[in-house]
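To keep things clear, I will list the structure first and then write my remarks on it.
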Amino acid sequence: MTSSTDAPTAELMERILFEVKRVVVGQDRFLERVMVAVLAQGHLLVEGVPGLAKTLTVKTLAHAVKGSFKRIQFTPDLVPSDLVGTRIYNQKTGDFSTALGPVFANLLLADEINRAPAKVQSALLEVMQERQVTIAGETHPVPNPFLVMATQNPIETEGTYPLPEAQVDRFMMKVLVDYPSDDEEFVIVDRALNPPAAIQAVASTEQLAALQASCRTVYVDPSLIQYAVKLVSATRHPANHGLAETARFITFGASPVPALA
């Protein structure tokens with residue numbers, strides 16, 4: 001049963017999703033996972049070939065909620081300061097000033113994250129977990145709400161680096177994005193022949209933050225919590241859960257972070 005407080009929440013989410021769908025064709029499962037990640041304040045790792053509207057989805061969502069959007073193209077020559085920012089010396093005044101990096105946005109797209117070495121990927125660890133960046137001992141909070149959506153290309157291994165385990169642990173979900181159907185691709189091509197749809201802002205970042213807070217008030221039965229804990233425990237000690245034959249496929253068990261997710 002939907003309560004009186006749930007109805008406005010669901011209605012606003014439907015309006016946001018409808019606005020995104022005016023631009024993005026198909027990819028219903030992907031869009032659903034993006035909305036879940038936004039509401040649960042989790043981060044999303046997306047795997048799919050280029051051209052499947054991953055960037056367009058996040059950019060459109062940012063417009064729909066009046067949020068800021070930044071895109072970082074990960075490359076082998078990227079350095080951590082290119083992401084989080086750095087201190088700049090002013091020769092005229094003799095002082096240092098802080099130049100904040102592109103991570104300071106509501107929706108951050110880390111495009112082809114596995115093309116940068118581990119030291120660059122690790123620069124995202126603090127901001128993804130703590131929602132803040134520390135530069136020269138000074139802490140700077142990122143805007144609220146904050147979501148990182150990272151993409152990686154599954155068809156190329158040349159010039160790519162595996163994601164560190166600590167980095168993978170920061171993502172709440174991994175979504176595999178597939179090609180559109182023939183009917184969906186027809187609509188995509190047809191829309192490309194016409195002027196692009198104008199995105200209307202149907203919500204604000206304050207409303208989105210309120211939606212996130214309302215999700216925290218949903219009742220979770222202890223049996224569901226116990227089920228989540230057992231799933232995570234099974235990755236650490238498969239034999240204790242009758243899964244001894246799968247132990248060889250597991251390098252490290254999951255941390256408490258997946259249980260919280």
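From a predicted model like this one, the values you see are computed outputs, not experimental measurements. In this chain, numbering begins with 1 at the start of the sequence shown.
Side chain to side chain, Glu47 and Gln152 meet the donor-acceptor criterion of an N or O pair below 3.5 Å. Side chains of Ser181 and Asp183: no donor on one and acceptor on the other come within 3.5 Å.
Side chain of Ser122 to main chain of Ala118: a donor-acceptor pair is present (N/O by atom type, distance under 3.5 Å, no hydrogens or angles). Between the Ser81 side chain and the Thr86 main chain, no donor and acceptor come within less than 3.5 Å of each other. A donor-acceptor pair is defined here as one N or O able to donate and one able to accept, closer than 3.5 Å; such a pair exists between the side chain of Glu19 and the backbone of Gln200. Checking side-chain atoms of Arg191 against main-chain N and O of Arg22 turns up a donor-acceptor pair under 3.5 Å.
Among all heavy-atom pairs drawn from Ser255 and Val232, the shortest one is O-CG1, 3.6 Å. In terms of heavy-atom proximity, Pro145 sits nearest to Thr205 at CD-O, 3.6 Å. Shown here for Ala254 and Thr235, the closest heavy-atom pair between the two residues is N-OG1, 2.9 Å. Taking every heavy atom of both residues into account, Ala105 and Pro143 meet most closely at N-CD, 3.7 Å. Taking all atoms of both residues into account, the shortest heavy-atom contact from His241 to Lys230 is CE1-O, 4.0 Å. Contact detail for Leu12 and Ala203: the closest heavy-atom pair is CD1-CB, 3.8 Å.
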Problem set entry | Candidate pair Glu126 and Thr134, rule side chain to side chain contact (heavy atoms under 4.5 Å, CB included), full reasoning | CA-CA 8 Å; Glu126 180 186 10; Thr134 302; 2.7 Å; yes
For this session: Go through Arg170 and Gln129 one step at a time and tell me if the side chain to side chain contact (heavy atoms under 4.5 Å, CB included) criterion holds.
Result: CA-CA 7 Å; Arg170 293 294 192 274; Gln129 184 66 30; 3.3 Å; yes
Problem set entry | From CA spacing to verdict: side chain to side chain contact (heavy atoms under 4.5 Å, CB included), Val20, Phe18 | CA-CA 5 Å; Val20 175; Phe18 175 79; over 6 Å; no
For this session: With side chain to side chain contact (heavy atoms under 4.5 Å, CB included) as the test, would you mind laying out the steps for Leu109 and Phe69 before giving the verdict?
Result: CA-CA 8 Å; Leu109 178 66; Phe69 165 77; 4.0 Å; yes
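Residue pairs meeting the salt bridge (Lys or Arg N to Asp or Glu O under 4.0 Å) criterion with at least one partner in residues 249-261, sequence neighbours excluded, are absent. Every pair passing salt bridge (Lys or Arg N to Asp or Glu O under 4.0 Å) that includes a residue from residues 28-45 is listed here, sequence neighbours excluded: Lys21-Asp28.
Here Ile135 sits in one hydrophobic cluster together with Leu45, Ile72, Phe74, Leu78, Leu83, Val84, Leu100, Val103, Phe104, Leu108, Ile113, Val120, Leu124, Val127, Met128, Val133, Val142, Phe146, Val148, Leu163, Val168, Phe171; the rule is ILVMFWY side chains under 4.5 Å apart, joined directly or through other members.
Around NZ of Lys70, the count of heavy atoms belonging to other residues, nucleotides or ligands within 6.0 Å exceeds 12. Within 6.0 Å of atom CG in Asp182, 12 or fewer heavy atoms from other residues, nucleotides or ligands are found, so the atom counts as exposed in its surroundings.
Residues that satisfy the side-chain contact (heavy atoms from CB on, under 4.5 Å) test with Ala37, not counting sequence neighbours, are Leu44, Leu147, Met172, Met173. Residues passing the side-chain contact (heavy atoms from CB on, under 4.5 Å) test with Gln73, sequence neighbours excluded: Arg71, Thr75, Asp111, Glu112. Checked against ring pair (Phe, Tyr, Trp, His ring centres under 6.0 Å), Phe96 has the following partners two or more places apart in sequence or in another chain: Tyr89.
Rounding to the nearest 0.5 Å places OH of Tyr179 at 9.5 Å from CD of Glu185. One distance of note links OG1 of Thr246 with CZ of Arg248; it measures 8.5 Å at 0.5 Å rounding.
Both Val38 and Ile16 sit in one connected hydrophobic cluster of ILVMFWY residues. Membership requires side-chain heavy atoms under 4.5 Å apart, directly or through other members. Met149 and Val257 are assigned to two separate hydrophobic clusters, defined by single-linkage of ILVMFWY side chains at heavy-atom distances under 4.5 Å.
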